[in-house]
Structure formats: C-alpha cells, structure tokens
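One structure is given here, and the rest of the page talks about it.
Order of appearance sets the numbers: ligands from 1, and atoms from 1 within every ligand.
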Amino acid sequence: MKKIIANFKMNKTATEMKQYLIKLISKFEDKCEAVLCVPYTCLSLAKFIVDGHDNIKVGAQNISEEEEGKCTGEISARMLKDSGASCVIVGHSERRAKFKENGKIINKKIKVALKNGLEVILCVGETLAERNTLKVADTLREQISEALKGLYENELENITIAYEPIWAIGSGKTPLVKDIEIVGKIIRKIVTEDYSAKAGEEIKVVYGGSVNTKNAATICRCKYIDGLLVGGACLDADGFAQILNTSI
Ligand code: 13P
C-alpha cells in the first residue's frame, strides 16, 4: 500500500481543519495509507475525527530535540504522542533554511522521536545549484548519514525518507520520472552502504515537491518510490481526496 503524506505547513485553523477532514474522510476510498501532518493546534481534533479509520494517521510537522523542560514555545515528543500524533516530519527544507536546523539537530530530533514511539518522516533534497553541479548524490549522502547517525538497523522500520528537491517545492516544477527513479535508487544505495542490502531494500522512500492531482499517480508509481509527500495540493479536500484515491 502506498503512503501518501500531507504536509499542511502553517495552514488551516482548527475550525477550518474540522470542515476539511469531514469532507476528506467522506471521499477517502481506503486505497492507500494517508498520513495527515497537521499544525500542532489541530492534532487532537484531527485524531478525534479520524478515529476508527485504520488507514488514516495523524502526524506533526516538527518536534523539539529536548525531552522536557526549559524550552519556551517548544513541543516535546511526549506531547505529540499524547495529542494523537503517530509520526513527525523532521528536517524539512523550510526548517533547515528558516530555522537553521543542521544535521546534528535533525539527528537529535529523530532520536527523541523514535525513543518516544513516533515514526519519522525525514526530508532530504538538493538545491538547484547542487543539481546543476551534479552534487545530488553527495548532498543526499551527507544529509542521510548525518540524520541517521547512531541509529540501529532495526530502527529504520520507523523511518520514511522523503526526497524533496528544494527547487521543486512550491515551484510547479518536478523532476522527470527517470530522475526520481535514479534518486530513489541512490537513496537506497546510501542506506545499503550504511546498513545492509536488506535495509536499503526495505526503507520507505517517498517523493515530495509540486505533487498535484495531475502528476500524483505517475510519480507514485515510480520505481523505488513508496509514496508521496504533498504540500500545497493537500489543502483542498476534493483535490487531495483525488490524489489519495488515485495513488495506488
Ligand atoms: P509543495 O507540494 O507545495 O511543493 O510542497 C512540498 C513540501 O514541501 C511538502 O513537505
């Protein structure tokens, strides 16, 4: 079953989310695993509304790297779990760029999430300059190795790697199918080298960046790709339901 993740980013109040989710659920045909990474303020409500739908999960978009205590404004792994999140996005390029999250912080966040029973969606991806200078593999190797440093192989079953080329996010541009497949293969090779052939084969890899109702089904069927991470196109319930129902 494909894994289709929605990243709502900083969109929708709880009131708006309620209407949205009721509509989405009424159209969802249960053909994929849907993961809804909603704003913190919508977590409990989303969990309550999707209750009983086994193929719909709720997730967060960020997590504190600290367990507890003097971190004004931060949200801990335990708080996320208690609010209904089963997973969390870590290392999104917007957080790397705007909030200066580096490999060390991302690694800490992943460890605290896993320790507290949250699955992790790890975002990686190259800039346009890195693509143009043929540095995609080097960039991904560095990002993945830093993020997963110190993790045991059996922990990888709770990690999904989301390949999100930065130049594709919100731009309306996507890589060619063959390029997504090449990168999917590269990611699996990196995991194989750092762990084992089995780990490289079994790690979940999804694609994100300008996925929409027109390209979702095609991208989802790419070789080496297990699903999608959808930003802007998840915000409309009709459109996102269409993506969920056709991404099989
Ligand atoms: P868009 O789908 O809006 O390009 O955003 C992708 C993204 O950043 C998802 O995490």
(request) Starting from atom 4 (O) of ligand 1, find the nearest protein heavy-atom neighbour and note its residue, name and distance. (result) Gly170 N, 2.6 Å

(message) Between Glu101 and His92, do the side chains contain a donor N or O and an acceptor N or O under 3.5 Å apart?
(response) no

(message) Under a 3.5 Å threshold, yes or no: a donor from one side chain and an acceptor from the other, between Thr174 and Asn215?
(response) no

(message) With a 4.0 Å cut-off on heavy atoms, is Gly208 in contact with ligand 1?
(response) no

(request) Determine whether the side chain, the backbone, both or neither of Ile169 has a heavy atom under 4.0 Å from any heavy atom of ligand 1. (result) both

(message) Does atom CD (Glu16) have a neighbourhood of more than 12 heavy atoms from anything else shown, all under 6.0 Å?
(response) yes

(request) Determine whether more than 12 heavy atoms belonging to other residues, nucleotides or ligands lie under 6.0 Å from atom NZ of Lys204. (result) yes

(message) For atom 5 (O) of ligand 1, what is the closest protein heavy atom, and at what distance to 0.1 Å?
(response) Lys9 NZ, 3.3 Å

(message) Please determine whether a side-chain nitrogen of the Lys or Arg among Glu94 and Lys9 lies less than 4.0 Å from a carboxylate oxygen of the Asp or Glu.
(response) yes

(request) Answer yes or no: does an N/O atom from Ser210 fall short of 3.5 Å to an N/O atom of ligand 1? (result) yes

(message) Distance under 4.0 Å to a non-hydrogen atom of Leu229: what atoms of ligand 1 satisfy this?
(response) 9 (C), 10 (O)

(message) Would you say OH of Tyr40 has more than 12 non-hydrogen atoms from neighbouring residues, nucleotides or ligands within 6.0 angstrom?
(response) yes

(request) Report the nearest protein non-hydrogen atom to atom 9 (C) of ligand 1: residue, atom name, distance rounded to 0.1 Å. (result) Glu164 OE2, 2.8 Å

(message) Do Glu153 and Ser196 pair up side chain to side chain, a donor and an acceptor below 3.5 Å, judged on atom types alone?
(response) yes

(message) Could you tell me if Tyr207 and Glu181 have a donor-acceptor pair between their side chains, going purely by distance under 3.5 Å?
(response) no

(message) So, regarding Ser171 and ligand 1 (criterion: nitrogen or oxygen to nitrogen or oxygen, under 3.5 Å), is there a contact or not?
(response) no

(message) Regarding ligand 1, does Gly232 bring an N or O atom to under 3.5 Å of one of the ligand's N or O atoms?
(response) yes

(request) Give the residue and atom name of whichever protein heavy atom lies nearest to atom 2 (O) of ligand 1, and the separation in Å to one decimal. (result) Gly231 N, 2.9 Å

(request) Taking only heavy atoms of His92 into account, list the atoms of ligand 1 that are under 4.0 Å away from them. (result) 7 (C), 8 (O), 9 (C), 10 (O)

